[in-house]
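What follows is one structure encoded as C-alpha cells, with my remarks underneath.
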Amino acid sequence: MKKLVKLVLLSGLALSSQFAFATPVNIADGYLGQTNSGLNNMQDVFGGTGYKVEGMDVDINFVTGYLTIDINTYYADGDGPIDGNGNVTHNGDLFISTDGWNPYSTAGDCNGAGQCYSHDDATNGEDWEYGVVSTTGALMTGFNTVLASDAYGFNAREDQEVLVGTGGTNVGNATVDTSNQNQDINNATLGTIRYTILLSDLGLTAQDDFTLGFHWSMTCGNDVIEGGVSSSTATRPPGSEVSEPSILALLGLGLLIPAFRRRRLLQQA
Ligand SMILES: [Ca+2]
Ligand SMILES: [Ca+2]
Ligand SMILES: [Ca+2]
C-alpha cells in the first residue's frame with residue numbers, strides 16, 4: 001500500500017507538470033504614446049523598421065512561479081547616430097505595474113479607431129511599481145524614472161520613461177536574455193529580448209489574482225509598447241486552478257486503479 005501512495009504522489013506530480021505552462025499571451029503593439037511636438041502623433045515607429053516593436057508575449061508558469069516577458073522587436077542594441085553627449089541608443093528597461101494597467105486615454109486619441117493612447121506619457125497613466133534593469137537584471141522598486149529626453153538626444157518621444165534611474169531598492173534579480181535579439185544594427189530582423197522574473201519578487205504568488213502592466217522602449221522612444229495581462233482564466237491553463245495535492249492525488253488514483261487491478265489479475269492467473 002505504501003508503494004501505491006508513492007505512485008499516486010508521483011502521478012500527481014506528473015499531472016501538475018502538465019499544467020506548468022500557460023499559453024503565452026500575445027500583446028500586439030497597439031500603443032502609440034505621446035510624441036515630441038511637431039511629430040506625427042499617430043505614427044507608431046520613427047526612424048524605420050530597425051526601431052519597430054512588434055509585440056510582447058507574457059507567460060506565467062503557475063507551478064514554478066516564474067513570469068516570462070518576451071519583447072519582440074527588430075531593434076538592435078547600440079543603433080542610432082551619436083548624439084551630443086556621445087550616446088547611441090540602447091535597450092530600455094522593463095517597467096512593471098503589479099496593480100493593473102491603466103494607460104491615459106482621451107477621446108479621439110487614435111483617430112477614433114481604437115485605443116492607441118497617443119497622449120500617454122510619463123506624467124499620466126500607469127505608475128510602475130517595479131523595473132528590471134536590462135543591462136544587469138536588477139529588479140528595482142521605488143526608483144526615479146529616466147525619460148528619453150535624458151537618455152538620448154535624438155528621441156521621438158522625450159517624455160516617455162525608458163530607464164530605471166537612481167534612488168531605488170533592489171528587491172530581486174531577473175534574467176535578461178538578449179541572445180535572440182537582433183545583433184546587426186544594419187539589418188533589421190525580428191528578434192526577442194526575454195525577461196524572466198520570480199512572481200514572489202514582485203510580491204505575488206501564482207495563486208493570486210492579479211493584473212500586470214508592462215512598458216518597454218529603446219532609449220530614444222522611437223517605438224514604445226505597453227500592455228496588460230490578467231492572471232484570470234485568460235492566461236491560466238485549463239485545470240491549473242485545481243492544484244491542491246489531494247485533488248491531483250485523486251486524479252492520479254483514478255488513473256492508477258486500472259493498472260493496479262490489472263497487476264492483481266495477472267498475479268492471480
Ligand atoms: Ca501601477
Ligand atoms: Ca504613462
Ligand atoms: Ca508602439
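Ligands are counted one by one from 1 in listed order, and the atoms in each one are counted from 1 as well.
- Seen from the Ca ion (ligand 1), atom OD1 of Asp99 and atom O of Asp127 lie 170° apart in angle, a value rounded to 10°.
- Contact of the Tyr75 side chain with the Asp223 side chain is not registered, since no non-hydrogen atoms from C-beta on lie closer than 4.5 Å.
- Rounded to 10°, the angle formed at the Ca ion (ligand 1) by Glu129 OE1 and Glu126 OE2 is 160°.
- When distances from the Ca ion (ligand 2) to the N, O or S atoms of Asp121 are compared, O comes out shortest.
- Our summary of the site lists the angle at the Ca ion (ligand 3) between O of Val224 and O of Tyr31 as 90°, to the nearest 10 degrees.
- Nearest N/O/S atom of Asp44 with respect to the Ca ion (ligand 3) is recorded as OD1.
- Between the OD1 atom of Asp120 and the O atom of Asn124, the angle taken at the Ca ion (ligand 2) works out to 120° after rounding to 10°.
- The distance from atom CD1 of Ile69 to atom CG of Leu94, rounded to the nearest 0.5 Å, is 5.5 Å.
- Nearest heavy atom pair, residue Asn40 against residue Phe46, reads O-CZ, 3.4 Å.
- The Ca ion (ligand 1) has an N, O or S atom of Ser97 under 3.0 Å away, backbone or side chain.
- Under the 4.5 Å side-chain contact rule for hydrophobic residues, Leu163 and Trp128 do not share a cluster.
- Look at Val53 and the Ca ion (ligand 3): no N/O/S atom of the residue is under 3.0 Å from the metal.
- In plain terms, the two heavy atoms of Val58 and Phe214 that are nearest each other are CG2-CE1, 3.8 Å.
- The N, O or S atom of Asp29 lying closest to the Ca ion (ligand 3) is OD2.
- The Ca ion (ligand 3) is closest to atom OD1 of Asp223 (considering only N, O or S atoms).
- Between Val146 and Glu161, the closest side-chain pair of non-hydrogen atoms is not below 4.5 Å.
- Proximity of the aromatic rings of Tyr31 and Trp101 is defined here by a centroid distance below 6.0 angstrom, and this criterion is not met.
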